[in-house]
2 protein chains.
Amino acid sequence: MTSQHREPVTRDRIIDAALHIVDGQGLGRLTMRRLGDALEVEAMAIYHHLPRGKEELLDGLVAHVAVDPLSATAGGEWQDRLRGWAAGYRERLLEHSGVLPLLVTRRNPAALDGTTASVQEVLGRAGLREETAATGAHTLMGYLIGHAALEARGRALSEAGGPGGAIDWDLRFTGGLDVVLAGLAQS
Amino acid sequence: MTSQHREPVTRDRIIDAALHIVDGQGLGRLTMRRLGDALEVEAMAIYHHLPRGKEELLDGLVAHVAVDPLSATAGGEWQDRLRGWAAGYRERLLEHSGVLPLLVTRRNPAALDGTTASVQEVLGRAGLREETAATGAHTLMGYLIGHAALEARGRALSEAGGPGGAIDWDLRFTGGLDVVLAGLAQS
DNA sequence: GTCATGGCCTTTACGCAGTAAGGTGCAATA
DNA sequence: TATTGCACCTTACTGCGTAAAGGCCATGAC
């Protein structure tokens, strides 16, 4: 007999497998049965690790993708630090663009808030007063999420033979980010 | 016998009824059977008017909510015109926040593009060169959609007893919009 | 050894979803 | 009156999430 053992099923492995399905086949094809197949387990086994079932699974996906705070204390110009962090955040959102719709739904209260708070703190330490920093953090997060949504949609559309393959998304992103940063610098 | 006639079912009435369900009970409770009930018709009757079924229904919802171009030729300062249009767009997005997740998914190719193009044209007539206007239009649309997502989420969260009921969303929105417009003015 | 315990997984079953296929009834036309 | 075609209904199928309960097996106590 060859080895019939398998990795033990854990919360982390479940969420990893789910993310893999979403990235490869889309959110609509993420079902408990398919997820069970990917883990070589019956669908109901998942409920042992995620008692709240699919709700908890989707919450986990959101947390995995959206939670990415930046350190408030590192050095350097705040604009440059935000640019670097934003580039990484955008990359993550696009890599897992299938979960973007879930960011919008009310799931997972704290997932975005921690990240937003870290941005706000960076802005606060840069000298903006509290209300301005809060607005700025929201503006930045809004731009990041909205742009990711537009970019994911645009890329999917032109892959499917839509009109414009002519958009340089990297340029669009950094250009828009610079607009927001420039606006922030003079507030 | 009382009148047993009913309004004839039309594409428009279907989409109106669907929007009503989504606004009142959430996207998750929009089903063909429930929609049929609302129209006093069996679910399968809907397929006569929307042959592609639920796909076509959701596309219709997106179009109804997201299509809102602004006229390129009206007079006034471009900043003020954008502010006025953006306020209306935000209101519409929030009124139908249940369909926001659908904006993100690839549905309905042209729904957002027409609106974006109209913003780009306004910016172009304001003196920005083409590439800058395109980036600016994208930045604005990204901010609008992202902010609507954050606001809808934040409002739902604090209604459900979450932490911050202390956010003045009107102020946040106009503040963020001013940041973007200020950034645009100097690009 | 033996036996109970408890963690991990499977089996079975239920209600609800979207929708394919084909049937029904009625108004307009010929 | 006979015909046609549109609007709607009936039936039935597959797949979904998950409640409930049962099986298996390593571990530790005696």
Side-chain angles (χ1 to χ4, degrees), chain A residues 1-62 98-99 101-102 105-108, chain B residues 1-62 98-99 101-102 105-108:
Chain A
M1 276 286 157
T2 63
S3 108
Q4 64 233 21
H5 299 310
R6 60 187 172 217
E7 311 280 289
V9 175
T10 63
R11 224 191 107 96
D12 283 353
R13 277 195 66 227
I14 293 173
I15 294 190
D16 265 25
L19 210 51
H20 195 257
I21 292 176
V22 172
D23 293 344
Q25 314 184 239
L27 189 59
R29 290 189 60 82
L30 174 63
T31 70
M32 299 305 268
R33 291 176 226 264
R34 253 191 285 269
L35 184 53
D37 283 355
L39 296 162
E40 298 183 275
V41 143
E42 292 303 314
M44 288 308 290
I46 298 168
Y47 288 80
H48 192 80
H49 305 272
L50 280 69
R52 284 186 20 255
K54 199 164 188 185
E55 292 283 304
E56 193 169 354
L57 176 64
L58 299 182
D59 284 355
L61 292 185
V62 170
V99 312
L102 299 181
T105 327
R106 109 186 44 184
R107 307 182 179 298
N108 208 321
Chain B
M1 274 281 156
T2 63
S3 106
Q4 64 233 25
H5 298 312
R6 60 187 174 216
E7 312 279 287
V9 175
T10 63
R11 225 191 106 97
D12 283 354
R13 277 195 67 228
I14 293 173
I15 293 189
D16 264 25
L19 209 51
H20 195 258
I21 292 175
V22 172
D23 293 344
Q25 316 186 232
L27 189 59
R29 292 188 59 82
L30 174 63
T31 70
M32 299 306 267
R33 292 178 227 261
R34 253 191 285 269
L35 185 54
D37 283 355
L39 296 162
E40 300 182 274
V41 143
E42 293 304 314
M44 288 308 291
I46 298 168
Y47 288 81
H48 191 80
H49 305 272
L50 280 71
R52 279 185 24 255
K54 199 163 188 186
E55 291 284 303
E56 193 169 354
L57 175 64
L58 298 181
D59 284 355
L61 292 185
V62 171
V99 313
L102 300 180
T105 326
R106 111 188 41 189
R107 311 182 173 297
N108 208 321

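Order of the sequence lines fixes the chain letters, A, B, ..., with proteins taken first and strands second; residue numbering starts at 1 for each chain. This is a predicted model, so every value here is computed, not measured.
With contacts defined as side-chain heavy-atom distances shorter than 4.5 Å, the pair B:V62/B:T105 does not qualify. Looking at heavy atoms from C-beta onward, A:I15 lies in side-chain contact with A:R11 at the 4.5 angstrom threshold. Here the side chains of B:L19 and B:V99 are in contact, with some heavy-atom distance below 4.5 Å. In this structure, A:L57 and A:I46 have side chains that are not in contact, with every pair of non-hydrogen atoms separated by 4.5 Å or more.
Of the candidate nucleotides C:dT19, D:dA7, D:dG17, C:dT19 has the atom nearest to the side chain of B:A43.
Overall, the helix from C:dG1-D:dC30 to C:dA30-D:dT1 carries an axis bend of 20° between its ends, with five pairs at each end and the value rounded to 10°.
Heavy-atom distances under 4.0 Å link DNA chain D to B:V41 of residues 10-41 of chain B, given in residue order.
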- [ ] Under the side-chain contact (heavy atoms from CB on, under 4.5 Å) rule, what do A:R33 and A:D37 come out as? Steps first, then yes or no, please.
- [x] CA-CA 6 Å; A:R33 291 176 226 264; A:D37 283 355; 5.7 Å; no
- [ ] In sequence, state the C-alpha distance, the side-chain angles, and the governing distance for A:H48 and A:V9, and then conclude on side-chain contact (heavy atoms from CB on, under 4.5 Å).
- [x] CA-CA 10 Å; A:H48 192 80; A:V9 175; over 6 Å; no
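One atom, CD of A:E56, and another, P of D:dT18, lie 11 Å apart when rounded to the nearest Å. Regarding A:E42, its CD atom lies at a distance of 16 Å from the C1' atom of D:dA21, rounded to whole Å. Regarding B:L50, its CG atom lies at a distance of 13 Å from the C1' atom of C:dT19, rounded to whole Å. Rounding to whole angstrom units, CE of residue B:M44 and P of D:dT11 are separated by 14 Å. Following rounding to the nearest Å, B:Y47 (OH) and C:dA20 (C1') show an atom-to-atom distance of 10 Å. Atoms NZ (A:K54) and P (D:dG15) sit 15 Å apart, rounded to a whole Å. In this structure, B:R52 atom CZ and C:dA20 atom P are separated by 12 Å, rounded to whole Å.
One finds no side-chain N or O of B:H48 lying less than 4.0 angstrom from the OP1 or OP2 phosphate oxygen of D:dC8. Remark: A:H49 is not in phosphate contact with C:dG7, judged by side-chain N or O atoms under 4.0 Å from OP1 or OP2.
Under the 3.5 Å distance criterion, the side-chain polar atoms of A:R13 are matched with a main-chain donor or acceptor of A:E7.
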